[in-house]
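Throughout, numbering of the chain's residues begins at 1 and tracks the sequence. Atoms within each ligand, like the ligands themselves, are counted from 1 in listed order. None of the values given here were measured: they were computed from a predicted structure.
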Amino acid sequence: MSRNAHPAGPRHGDVLPNAQQSALPDDVNAIDPAIWPTTVARVDGTLVLGGVLVPELARTHGTPALFLDEADVRGRARSYTEALAGFDVFYAGKAFLCTTLARIVADEGLGLDVCTGGELAVALAAQFPPERIEVHGNNKSVDELTRAVEAGVGQIIVDSFDEIGRLAAVAATFQRQQRVLVRVTVGVEAHTHEFIATAHEDQKFGFSLRDGSALRAVEAVLDAPSLQFAGLHSHIGSQIFETTGFEVAAHRVVALAGAIRDKHGVVVDEINLGGGLGIAYVTGDDPESPKQTLERLNGIVELECASVGMRVPKLSVEPGRAIIGPSMITVYEVGTVKDVTLDGGTTRRYVSVDGGMSDNIRTALYDAQYTCTLANRASVETPVLTRIVGKHCESGDVVVRDTWLPGDVRPGDLLAVAATGAYCRSMASNYNHVPRPPVVSVVDGVATVIVRRETEDDLLALDTGVSAVPA
Ligand code: LLP
């Protein structure tokens with residue numbers, strides 16, 4: 001999903017058939033500050049994060065492990081809240097959530113987007129202010145809606161007629177008027193630089209603008225005394241670098257807001273433009289700053305509102321990846337190094353690490369690209385084009401498809417993969433009964449486990465061992 005940012009072919013080393021997308025960098029030991037967390041640097045060749053040597057972190061916490069640069073994530077969160085007055089920023093917890101992160105998000109003044117009962121439970125366990133929580137999801141159960149209303153969440157983004165009926169009933173039993181946004185399918189899907197207008201009606205989220213469902217949903221909310229219609233929501237995709245998709249979305253959402261005003265005399269209080277703001281995974285990925293993005297989105301909505309003679313509503317966004325993605329790295333230990341001879345006589349180097357698709361499914365699932373470096377030392381050995389693979393029983397178990405690593409990488413070395421904060425730990429699995437890795441926050445030389453490593457006992461604890469057939 002990341003933009004392919006490798007226009008040049010490889011310049012030397014072990015040139016492989018599919019190497020075109022991976023240009024040999026000038027220095028394989030270099031740390032690109034656009035990709036790595038702010039406090040990552042090399043000290044005498046060894047990688048440091050948050051003032052602690054990565055090998056020391058690995059010794060204390062084991063591998064694989066995710067390390068969070070807490071100063072970095074706080075800085076990113078703050079850069080959104082400070083970007084533009086008047087914007088509400090909800091951190092999308094699906095990217096990664098635990099109680100410590102929820103507290104960081106609360107401290108930095110953001111709201112929180114949750115989309116399941118589980119995410120809500122984490123938020124409430126962290127004592128996240130409920131009025132700053134918004135609840136998403138295309139199939140919220142009565143139980144989830146009940147817990148959300150009971151907790152006093154700020155707003156619920158409704159996604160179906162069934163849900164509007166369900167939520168109206170739940171809110172009525174609590175004698176509440178629940179603030180509600182209506183999720184609108186604007187007919188735009190945007191991923192990175194690829195943008196397809198009108199092509200994305202055929203999906204499960206939201207109410208279609210084109211067939212009039214969106215307006216009917218707003219009317220259903222207006223008709224429900226226990227619901228307070230607060231605004232419109234649109235989310236067009238993820239890992240987006242260009243704002244064209246947002247422009248079309250804003251145009252269509254504002255047009256709907258104008259129609260609601262004209263037909264019902266109701267003012268749309270809030271427009272939420274969703275998440276999706278892209279980050280740099282590989283050199284050349286070039287996302288805008290939060291300030292640039294929010295100013296641009298604001299400009300687009302201002303223009304659209306002016307054209308229908310409407311006051312600009314409160315604007316909100318829901319970045320997940322852009323806040324947590326660049327702030328974490330995953331550290332693995334190398335277990336095996338294998339050169340495989342390909343047709344034509346070239347070789348491909350496979351470096352196997354002690355994790356894989358159970359802690360990062362994104363490469364296998366989306367063909368995502370990552371940047372990787374040798375963490376326990378720098379090396380001046382001639383770089384070799386290398387594929388980093390995991391330890392799972394599946395040939396698609398790839399962590400980094402093509403990367404240049406020094407030719408002397410050997411078992412026992414540590415590899416660090418950048419920008420693994422979003423959708424890696426949160427999408428982790430126990431495939432092959434591999435326990436999920438810990439998350440360790442590092443700040444000013446102090447490392448603190450915020451999610452502990454899963455153990456085989458944790459996995460066995462779920463296994464009742466009971467047979468349906470009595471012995
Ligand atoms: N708001 C809504 C309604 C969403 O559905 C999402 C993401 C976000 C906000 C946050 O989007 P972000 O800013 O993080 O791009 N697993 C995929 C990404 C799925 C995104 C789902 N929705 C990945 O690993 O790339």
Side-chain angles (χ1 to χ4, degrees), residues 1-3 73 76-77 79-80 87-97 101 105 110-116 119 133-140 155-160 163 181-186 188-192 194 200 203-207 231-243 245-246 249 253 270-282 285 287-288 290 293-294 297 315-328 330 357 359-370 399 417 419-429:
M1 290 172 92
S2 177
R3 173 153 45 189
V73 76
R76 283 176 208 281
S79 67
Y80 272 95
F87 254 91
D88 272 358
V89 182
F90 294 88
Y91 168 68
K94 67 205 83 185
F96 171 72
L97 192 62
L101 188 70
V105 167
L110 286 78
L112 182 64
D113 151 12
V114 300
C115 68
T116 61
E119 289 180 2
I133 297 176
E134 57 162 30
V135 182
H136 268 289
N138 67 300
N139 184 16
K140 308 173 190 80
Q155 50 203 38
I156 296 181
I157 293 87
V158 293
D159 195 282
S160 68
E163 184 192 345
L181 262 63
V182 170
R183 180 159 176 174
V184 179
T185 310
V186 291
V188 171
E189 185 195 19
H191 289 297
T192 313
E194 158 203 344
H200 211 55
Q203 47 105 351
K204 66 176 183 172
F205 293 109
F207 294 96
L232 301 171
H233 176 281
S234 146
H235 172 78
I236 57 169
S238 208
Q239 185 58 3
I240 301 168
F241 284 85
E242 294 187 359
T243 47
F246 287 111
V253 169
E270 177 170 349
I271 290 182
N272 185 322
L273 292 169
L277 310 165
I279 63 165
Y281 283 103
V282 290
D285 283 349
E288 286 183 330
T293 305
L294 296 200
L297 294 182
L315 294 180
S316 45
V317 283
E318 299 161 342
R321 187 191 317 266
I323 288 177
I324 195 67
S327 303
M328 279 197 223
T330 306
M357 64 195 297
D359 58 75
N360 186 351
I361 189 67
R362 297 193 67 259
T363 308
L365 199 55
Y366 312 118
D367 216 7
Q369 291 180 289
Y370 283 94
V399 179
V417 177
T420 55
Y423 305 108
C424 289
R425 185 59 179 76
S426 71
M427 291 173 76
S429 75

Numbering the atoms of ligand 1 from 1, which are under 4.0 Å from a heavy atom of [X]?
X	answer
Asp113	1 (N), 9 (C)
Gly275	1 (N), 9 (C), 13 (O)
Glu318	1 (N), 2 (C), 3 (C), 8 (C), 9 (C), 10 (C), 13 (O)
Gly320	12 (P), 13 (O), 14 (O)
Pro319	13 (O)

For the side chain of [X] and the backbone of [Y], is there at least one donor-acceptor N/O pair under 3.5 Å apart?
X	Y	result
Thr243	Phe246	no
His235	Gly275	yes
Ser234	Thr185	no
Asp285	Val282	yes
Gln239	Ile279	yes

Can you find a heavy atom in the side chain of Phe207 that is under 4.5 Å from one in the side chain of Leu232?
-> no
Contact check, Gly276 vs ligand 1, heavy-atom distance below 4.0 Å | yes
May I ask whether Ala322 has any heavy atom positioned less than 4.0 angstrom from an atom of ligand 1?
-> no
Those residues that, when tested against Ser316, pass side-chain hydrogen bond (donor to acceptor under 3.5 Å, both in side chains) (two or more places apart) | Glu270, Asn272
Stepwise side-chain contact (heavy atoms from CB on, under 4.5 Å) test for Asp359 and Thr330 | CA-CA 9 Å; Asp359 58 75; Thr330 306; 4.3 Å; yes
Are any of the N or O atoms of Met427 closer than 3.5 Å to those of ligand 1?
-> no
Is the closest N or O pair between His136 and ligand 1 shorter than 3.5 Å?
-> no
Tyr366 contact mode with ligand 1 (heavy-atom cut-off under 4.0 Å) = side chain
Out of Arg183, Arg362, Glu134, Gln239, who gets a non-hydrogen atom closest to atom 3 (C) of ligand 1?
-> Arg183
Between His235, Arg321, His233, flag the one that comes closest to atom 5 (O) of ligand 1 by a heavy atom.
-> His235
